[in-house]
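Below is one structure, written out as structure tokens; the observations come after it.
Only this structure's heavy atoms are used, side chains among them; waters, hydrogens and symmetry mates stay out.
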Number of protein chains: 2
Amino acid sequence: MNDIKQFLRSNALRPTKQRIVIAGYLFDGTDKHVTAESLSTELAKRKHIISLATIYNTLHDFYENGLLKKLTLSADRVYFDTNTDDHHHFYSEKEQFLIDINKNIKVNGLPKTPRNKKINKIEVIVHLDK
Amino acid sequence: MNDIKQFLRSNALRPTKQRIVIAGYLFDGTDKHVTAESLSTELAKRKHIISLATIYNTLHDFYENGLLKKLTLSADRVYFDTNTDDHHHFYSEKEQFLIDINKNIKVNGLPKTPRNKKINKIEVIVHLDK
DNA sequence: TATCAGTTTAGAATGATTCTAAAGTGTTGA
DNA sequence: TCAACACTTTAGAATCATTCTAAACTGATA
Ligand SMILES: [Mn+2]
Ligand SMILES: [Mn+2]
Ligand SMILES: [Zn+2]
Ligand SMILES: [Zn+2]
């Protein structure tokens with residue numbers, strides 16, 4: 001709790017009640033993938049009612065400070081990922097199935113990068129079926 | 001034009017005026033990535049005004065018949081791809097830059113597929129910066 | 001050419017996300 | 001300690017891509 005406050009301060013974020021609750025949930029040591037909606041639901045289960053606007057604000061604040069990654073897997077919701085290491089995903093849209101691939105993956109045979117551009121990140125999504 | 005009609009018929013799609021125009025534009029031999037909006041704009045330039053509802057309907061009809069691929073690269077619009085071969089992409093969200101990687105890419109070091117699931121498709125997105 | 005299933009369309013609805021602006025709160029310097 | 005203020009939260013409105021509705025239209029068929 002004081003660790004969380006320090007953690008927030010060290011990221012130039014005021015430790016408000018809401019941010020403390022959200023950070024406490026997100027950064028509890030287990031990797032998580034959340035959407036604004038799923039986060040709201042989880043917090044509500046724990047009797048922490050925080051407005052959706054604040055949940056969106058906070059996810060973005062954390063993202064902008066590098067505490068979360070953003071995943072675009074489906075067109076109709078954004079996932080935030082507490083695992084900020086370089087990693088990839090198994091994903092099944094139909095089944096809402098999303099898990100990390102933390103093993104080192106190598107992508108071979110890439111053509112040369114287009115002129116005047118530079119690779120920012122290589123993202124591998126392994127789409128699964130039942 | 002009659003080729004297009006035949007092409008549509010052979011995919012169990014009635015060759016309506018609108019579908020003929022859209023297919024004529026999309027399947028002209030050059031690979032394209034379009035959104036509903038960009039397609040509407042391109043057709044308008046060519047003096048073909050087709051309602052957005054029909055553009056969405058048609059893109060989905062074509063997609064469902066395997067004539068297009070769907071790409072989820074950004075959370076706020078869906079791209080359709082006329083290149084239906086297995087392939088990957090260079091992408092820059094900021095610059096609206098999206099091009100095919102047709103070269104064979106190999107992804108090595110994948111962990112084993114989760115139990116009772118099967119790999120449907122492996123998608124590699126190379127995110128670019130300026 | 002009549003019939004009908006399939007198609008198109010305007011406009012309304014949806015739903016995730018963002019915006020607005022007013023009220024609340026953490027920080028800080030005196 | 002506390003006033004002052006910048007930062008934050010929030011309800012509710014707005015946005016915007018996409019989907020839906022239901023009425024008019026049209027391609028296929030006999
Ligand atoms: Mn993850
Ligand atoms: Mn949406
Ligand atoms: Zn992850
Ligand atoms: Zn492509």
Side-chain angles (χ1 to χ4, degrees), chain A residues 1-2 4-25 33-44 48-65 67-68 70-80 93 96 98, chain B residues 1-2 4-25 33-44 48-65 67-68 70-80 93 96 98:
Chain A
M1 164 74 181
N2 269 330
I4 296 177
K5 284 193 183 184
Q6 275 322 308
F7 171 74
L8 290 169
R9 283 206 191 85
S10 73
N11 281 284
L13 293 166
R14 280 195 192 174
T16 64
K17 296 200 239 339
Q18 293 83 350
R19 284 174 178 163
I20 290 167
V21 166
I22 295 174
Y25 171 74
H33 300 112
V34 302
T35 62
E37 200 58 40
S38 78
L39 177 53
S40 171
T41 301
E42 283 309 311
L43 297 178
H48 290 118
I49 305 303
I50 297 177
S51 77
L52 256 191
T54 296
I55 287 180
Y56 276 105
N57 288 342
T58 303
L59 287 171
H60 285 124
D61 293 341
F62 288 3
Y63 170 69
E64 256 129 44
N65 282 278
L67 306 177
L68 294 174
K70 202 189 290 191
L71 303 178
T72 301
L73 299 168
S74 117
D76 53 8
R77 56 189 175 289
V78 172
Y79 286 92
F80 289 90
E93 169 147 31
Q96 298 274 116
L98 172 59
Chain B
M1 166 72 180
N2 269 331
I4 296 179
K5 284 194 182 184
Q6 274 323 307
F7 170 75
L8 291 169
R9 283 207 189 85
S10 72
N11 281 286
L13 293 165
R14 279 196 192 173
T16 64
K17 294 199 243 338
Q18 292 84 349
R19 284 174 177 164
I20 290 169
V21 166
I22 294 173
Y25 170 73
H33 300 112
V34 302
T35 63
E37 200 58 41
S38 79
L39 177 53
S40 171
T41 301
E42 283 309 311
L43 297 178
H48 289 118
I49 305 304
I50 297 178
S51 77
L52 257 190
T54 296
I55 287 179
Y56 277 104
N57 288 342
T58 303
L59 286 171
H60 286 124
D61 293 341
F62 287 3
Y63 171 68
E64 256 129 46
N65 282 279
L67 306 179
L68 294 173
K70 203 192 287 194
L71 303 178
T72 302
L73 298 169
S74 121
D76 54 5
R77 57 190 176 290
V78 172
Y79 286 91
F80 289 90
E93 168 147 31
Q96 297 275 117
L98 173 58

> What nucleotide, of D/dG12, C/dT8, C/dG11, holds the atom closest to the side chain of B/A53?
Replying inline: C/dG11

>> If you compare all heavy atoms of B/V78 against all heavy atoms of A/A75, which two are closest, and at what distance to 0.1 Å?
In response: CG2-CB, 3.6 Å

> B/R77 has an atom CZ; how far is it from atom C1' of C/dG15, in whole Å?
Replying inline: 19 Å

>> Between P on D/dA17 and CG on B/L59, what's the gap in Å once rounded to a whole number?
In response: 15 Å

>> Quick check: closest heavy atoms across B/V21 and B/L43, and the distance to 0.1 Å?
In response: CG1-CD2, 4.0 Å

> How long is the line joining CD1 of B/I49 and P of C/dT9, in whole Å?
Replying inline: 10 Å

>> Nearest heavy atom decides the nucleotide; on that basis, is B/H60 or A/S51 closer to the 5' end of DNA chain D?
In response: A/S51

> Reckon A/Y56 has a side-chain N or O less than 4.0 Å from the OP1 or OP2 of C/dT17?
Replying inline: yes

> What is the distance, rounded to the nearest whole Å, between atom CG of A/D76 and atom P of C/dT18?
Replying inline: 14 Å

> Where do B/I50 and B/I22 land on the side chain to side chain contact (heavy atoms under 4.5 Å, CB included) test, with the steps shown first?
Replying inline: CA-CA 9 Å; B/I50 297 178; B/I22 294 173; 3.9 Å; yes

> How many Å lie between CD1 on B/I55 and C1' on D/dA17, as a whole number?
Replying inline: 14 Å

> What's the CG-C1' distance between A/D61 and D/dT8, to the nearest Å?
Replying inline: 9 Å

>> Can a side-chain donor-acceptor contact be found between A/S51 and A/T54 if the only test is distance below 3.5 angstrom?
In response: yes

> How far apart are the closest heavy atoms of A/F62 and A/R19, and which atoms are they?
Replying inline: CZ-O, 4.1 Å

> How many angstroms lie between CG in B/L67 and CZ in B/F7, if you round to the nearest 0.5 Å?
Replying inline: 4.5 Å

> To the nearest Å, how far apart are B/K70 NZ and D/dT19 C1'?
Replying inline: 12 Å

> Taking atom OH of A/Y63 as the centre, does the number of heavy atoms from other residues, nucleotides or ligands within less than 6.0 Å exceed 12?
Replying inline: no

> Between atom CD in B/E64 and atom P in C/dT7, what is the gap in whole Å?
Replying inline: 12 Å

> Of the residues in residues 8-19 of chain B, which ones touch DNA chain D at a heavy-atom distance under 4.0 Å?
Replying inline: B/R9, B/R14, B/P15, B/K17

